[in-house]
Amino acid sequence: MSLIYIVEDDKNIQEIEEYALKNAGYDVRCFDEAEDFRKGMEELLPDLLVLDIMLPGEDGLSVLKWLRKNRASRNIPVIMVTAKASEIDTVKGLDMGADDYITKPFGVMELISRVKALLRRAMRTSEDAVLDFGTIKLDTERRICMVNGVNTELTFKEYELLKCFMSNAGLVLSRDKLMDTVWDSEFAGESRTIDMHVKTLRKKLGDAGGHIITVRNVGYKLE
């Protein structure tokens, strides 16, 4: 049974999250602030973290930065919880390594769905030889892309971009995160080059290209 930590200072929201996740079959432990959460991390590491950005004292972005620098916790999936108007915090969080985000107010079913998606991805011990999404099939061993059973020629970067989308289907990927994954952290070009490659990738995928959704001011997701 997966263990989920919730870091949320709003008791009402914390109780809703805890109740929903426990009913979905997860073990849950809650923290009101970063200091108590850090102590909890010393005792036992969770399988996933639901992290609020606005916390008393140390905020969620600082906690996220600490998690990603710590060898033991750097790969723990993190879902950020943000205020609806805090778009800049959402972008910062994704760029700093958060895996997904959810904005207040949100439905419990949405929360559970996102948790399940992240845990499924985290439990993959090795990369699948073939990735499938709708009519798109990616053979990662032979580096072949098929759409409706027809071979589709992609450039190296288009292929890597599509592979990143398919490996993270349903999750929002910021432009900076795509740049780090597909190009590398030393690439000096503007992040808007992502938009250009997405445009050509969509065109080559035909109707299937419509599954690549633009998330305004953040990035993209495959849905």
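Keep in mind that this is a model prediction, so the values were computed, not measured.
Within the 4.5 Å cutoff, side-chain heavy atoms of D32 are placed close to those of K11. In this structure the side chain of L171 reaches within 4.5 angstrom of the side chain of L118, judged on heavy atoms. Taking 4.5 Å as the limit, some side-chain heavy atom of I112 sits within range of a side-chain heavy atom of K116. T181 has its side chain out of reach of K163: every pair of non-hydrogen atoms, C-beta onward, lies at least 4.5 Å apart. Y19 has its side chain out of reach of V28: every pair of non-hydrogen atoms, C-beta onward, lies at least 4.5 Å apart. No side-chain heavy atom of F31 sits under 4.5 Å from any side-chain heavy atom of M41.
Between the E33 side chain and the P56 main chain, no donor and acceptor come within less than 3.5 Å of each other. D10 places a side-chain N or O within donor-acceptor distance of the main-chain N or O of I13, the cut-off being under 3.5 Å. Side-chain atoms of N70 never come within 3.5 Å of backbone atoms of W66 as a donor-acceptor pair (strictly under, hydrogens ignored). Side-chain N or O atoms of S174 include one that pairs as donor or acceptor with a backbone N or O of K177 at under 3.5 Å. A donor-acceptor contact shorter than 3.5 Å links the side chain of T200 to the backbone of H197.
A salt bridge does not link E158 with R202: none of the charged nitrogens is closer than 4.0 Å to a carboxylate oxygen. The pair D99-R68 meets the salt-bridge criterion, with a side-chain N (NZ, NE, NH1 or NH2) lying under 4.0 Å from an Asp/Glu carboxylate O.
Atoms CZ and OH, on F37 and Y5 in that order, are 8.0 Å from each other to the nearest 0.5 Å. The distance from the NZ atom of K221 to the CG atom of N168 is 13.0 Å, given to the nearest 0.5 Å. Separation of atoms CD (E58) and NZ (K65) is listed at 10.5 Å; rounding is to 0.5 Å. Residue I76 holds its CD1 atom at 11.5 Å from CG of L64, rounded to the nearest 0.5 Å. The distance from the CZ atom of F133 to the CG atom of L138 is 13.0 Å, given to the nearest 0.5 Å. The distance from the CG atom of L173 to the CD1 atom of I194 is 10.0 Å, given to the nearest 0.5 Å.
Around the CG atom of D207, the shell of radius 6.0 Å holds no more than 12 heavy atoms that belong to other residues, nucleotides or ligands. Annotation: E35, atom CD; neighbour count of heavy atoms from other residues, nucleotides and ligands within 6.0 Å does not exceed 12. Environment of NZ in K137: sparse, with no more than 12 heavy atoms of neighbouring residues, nucleotides or ligands closer than 6.0 Å. In the displayed structure, K92 atom NZ is contacted under 6.0 Å by at most 12 heavy atoms of other residues, nucleotides or ligands.
Cluster membership for L205 and L131, using ILVMFWY side-chain heavy atoms within less than 4.5 angstrom, is shared. No chain of hydrophobic side-chain contacts below 4.5 Å, direct or via other Ile, Leu, Val, Met, Phe, Trp or Tyr residues, connects L162 to I144. A continuous path of hydrophobic side-chain contacts links V172 to L61 [ILVMFWY only; heavy atoms under 4.5 Å]. Under the 4.5 Å side-chain heavy-atom criterion for ILVMFWY residues, no single connected hydrophobic cluster contains both Y159 and M146.
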Would you list the atom pairs, donor with acceptor, under 3.5 Å between side chains in residues 42-55 and any protein atom, with sequence neighbours excluded?
from, atom 1, to, atom 2, distance (Å)
E43, OE1, R29, NH1, 3.1
E43, OE1, R29, NH2, 3.2
D47, OD2, L3, N, 2.7
D52, OD1, K104, NZ, 3.3

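Checked options D180, N217, D195; the residue passing with R175 is D195 (criterion: side-chain hydrogen bond (donor to acceptor under 3.5 Å, both in side chains)).
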So F106 and I16, side-chain contact (heavy atoms from CB on, under 4.5 Å) or not? Walk me through it.
CA-CA 10 Å; F106 55 84; I16 290 171; 5.6 Å; no
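Of all heavy-atom pairs between G93 and M80, the closest is CA-SD, 3.3 Å.
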